[in-house]
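Worksheet: the structure to be examined is printed underneath.
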Amino acid sequence: MAMKVKEVAELASISVRTLHHYDEIGLLTPDEVTSAGYRLYSDANLETLQQILFFRELDFSLKEIKSIITNPSFDREEALQMHRRILLEKRQRLDQMIATIDRSVLHMRGEIHMTTKEQFEGFDFSNNPYEQEARERWGDEAVEKANQKIKGNSAQEQKALSDEMNEIYRRLAALRHTDPASNEAQAGIAEWYAYLNNMGNYSPEAFRGLGQMYVDDERFTRNIDQFGEGLAMFMRDAMAVFADRKS
């Protein structure tokens, strides 16, 4: 039986907005749209959505997923086996990191000794999970400019940039219970806009899109809200107001 977009969103624990976006970019188009404009998803649509979410869990970009699942040679069962294999490898790495945490606690207590190499077992930050998504939303040029600028900085300069970013987050966190459209909030978010454009080239619309991602992507929300619960949502709203006024 066909399901409405809200029912599919609740079933898959994703937002209606996400499903609309998948439709807009041609990643997941419902098999039927009623005369009233309601999207209706078939069983085949749900199977495709399952594949999309498995690929997303493995940090594939939407562009990559579309390329894969629309390939005539795509085999769903083969893909499921691949998902299983990679998730098992991911679980193994997480188990290793948990073991490193447990051993680090014992090391801090003086009960065991860890070598410096053992203290970092399980870590792998060779890939940036956000970069491909940024490329997909705003194009390669802005990301490449930011990357080249950062790579050209010395270690001291990179630390200064990181410290500046954290300080802006702290100042915004102190404002997160105020009106996002207030002069004080907008002055704070203007600092954030200036900071980002110091590294790249973000239009007001790209800035708005970034703010929305802070809420849509739980990885961003988690990282930002460590400075104060609700900060990501406040920044999204303040960035939208800023983009409207800037435009």
Side-chain angles (χ1 to χ4, degrees), residues 12-15 18 50-62 64-65 79-137 143 146-147 150-151 153-177 192 195-196 199 210-236:
S13 298
I14 57 178
S15 68
T18 295
Q50 184 198 53
Q51 284 292 337
I52 292 170
L53 297 182
F54 274 131
F55 278 116
R56 292 295 287 147
E57 176 63 29
L58 298 172
D59 292 327
F60 282 79
S61 72
L62 297 181
E64 289 171 327
I65 296 170
L80 288 171
Q81 292 293 342
M82 183 200 73
H83 295 320
R84 185 179 189 278
R85 184 179 68 255
I86 296 177
L87 286 169
L88 285 172
E89 293 172 359
K90 185 175 182 180
R91 183 174 71 179
Q92 183 179 11
R93 188 172 69 85
L94 290 174
D95 287 342
Q96 188 176 30
M97 292 181 71
I98 292 169
T100 298
I101 291 172
D102 293 340
R103 287 174 55 80
S104 296
V105 171
L106 296 176
H107 174 72
M108 289 177 64
R109 293 174 179 172
E111 297 178 25
I112 66 169
H113 173 73
M114 293 181 73
T115 65
T116 53
K117 182 179 180 181
E118 290 172 336
Q119 291 176 30
F120 294 94
E121 287 181 349
F123 291 102
D124 182 7
F125 297 109
S126 57
N127 295 309
N128 180 351
Y130 308 125
E131 181 167 322
Q132 184 59 44
E133 194 160 6
R135 290 181 186 279
E136 175 186 307
R137 284 178 180 253
V143 178
N147 284 347
I150 292 171
K151 287 176 182 177
N153 292 335
S154 66
Q156 186 176 0
E157 288 171 330
Q158 290 185 36
K159 183 180 184 304
L161 283 172
S162 178
D163 290 344
E164 182 183 357
M165 177 182 68
N166 290 338
E167 185 55 37
I168 294 173
Y169 276 140
R170 293 187 189 98
R171 287 198 291 269
L172 288 170
L175 299 170
R176 70 186 188 280
H177 298 304
W192 184 234
Y195 174 84
L196 291 177
M199 295 186 297
L210 180 62
Q212 186 62 49
M213 190 189 294
Y214 289 168
V215 175
D216 289 347
D217 191 321
E218 63 179 13
R219 296 170 300 180
F220 279 106
T221 305
R222 184 168 56 249
N223 287 335
I224 293 172
D225 278 6
Q226 67 180 321
F227 292 91
E229 186 175 356
L231 176 58
M233 189 171 294
F234 169 79
M235 289 184 69
R236 177 201 62 185

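We count residues from 1, following the sequence as given.
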From [X] [atom1] over to [Y] [atom2], what is the distance, rounded to the nearest 0.5 angstrom?
X    : Y    : atom1 : atom2 : answer
D225 : M233 : CG    : CE    : 8.5 Å
R84  : L80  : CZ    : CG    : 11.0 Å
L231 : N223 : CG    : CG    : 11.5 Å
L53  : R56  : CG    : CZ    : 9.0 Å
D102 : M97  : CG    : CE    : 12.0 Å

Set of salt bridge (charged side-chain N to carboxylate O under 4.0 Å, His left out) partners for E164, sequence neighbours left out: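 Applying salt bridge (charged side-chain N to carboxylate O under 4.0 Å, His left out) to E164 gives none.
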Listed partners of R103 passing salt bridge (charged side-chain N to carboxylate O under 4.0 Å, His left out), at least two apart: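 Once residues adjacent in sequence are excluded, the partners of R103 under the salt bridge (charged side-chain N to carboxylate O under 4.0 Å, His left out) criterion are E118.
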Is any side-chain heavy atom of R91 closer than 4.5 Å to one of D95?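 Yes, at least one pair of side-chain atoms sits under 4.5 Å.
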Residue pairs involving residues 80-100 (criterion ring pair (Phe, Tyr, Trp, His ring centres under 6.0 Å); sequence neighbours excluded):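 Residue pairs with at least one partner in residues 80-100: F54-H83, F55-H83.
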Does H113 have any ring-ring contact (aromatic ring centres under 6.0 Å, His included) partners at least two apart in sequence or in another chain, and if so, which?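 In terms of ring-ring contact (aromatic ring centres under 6.0 Å, His included), with neighbours along the sequence ignored, H113 is linked to H107.
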Could you report the tightest heavy-atom contact between [X] and [Y], atom names first, then the distance?
X    : Y    : value
Y214 : F220 : CA-CB, 3.8 Å
A79  : Q51  : CB-OE1, 3.5 Å
M114 : I112 : CG-CD1, 4.1 Å

For Q81, enumerate each residue passing the side-chain hydrogen bond (donor to acceptor under 3.5 Å, both in side chains) test, keeping only those at least two apart in sequence or located in another chain.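 Residues passing side-chain hydrogen bond (donor to acceptor under 3.5 Å, both in side chains) with Q81: none at all.
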Over 12 foreign heavy atoms within 6.0 Å of CD, E229: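 Open.
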Let me have the donor-acceptor pairs involving side chains of residues 167-174, under 3.5 Å, with sequence neighbours excluded, atom names and distances please.
unit_1 : atom_1 : unit_2 : atom_2 : d
R171   : NE     : E191   : OE2    : 3.4
R171   : NH2    : E191   : OE1    : 2.5

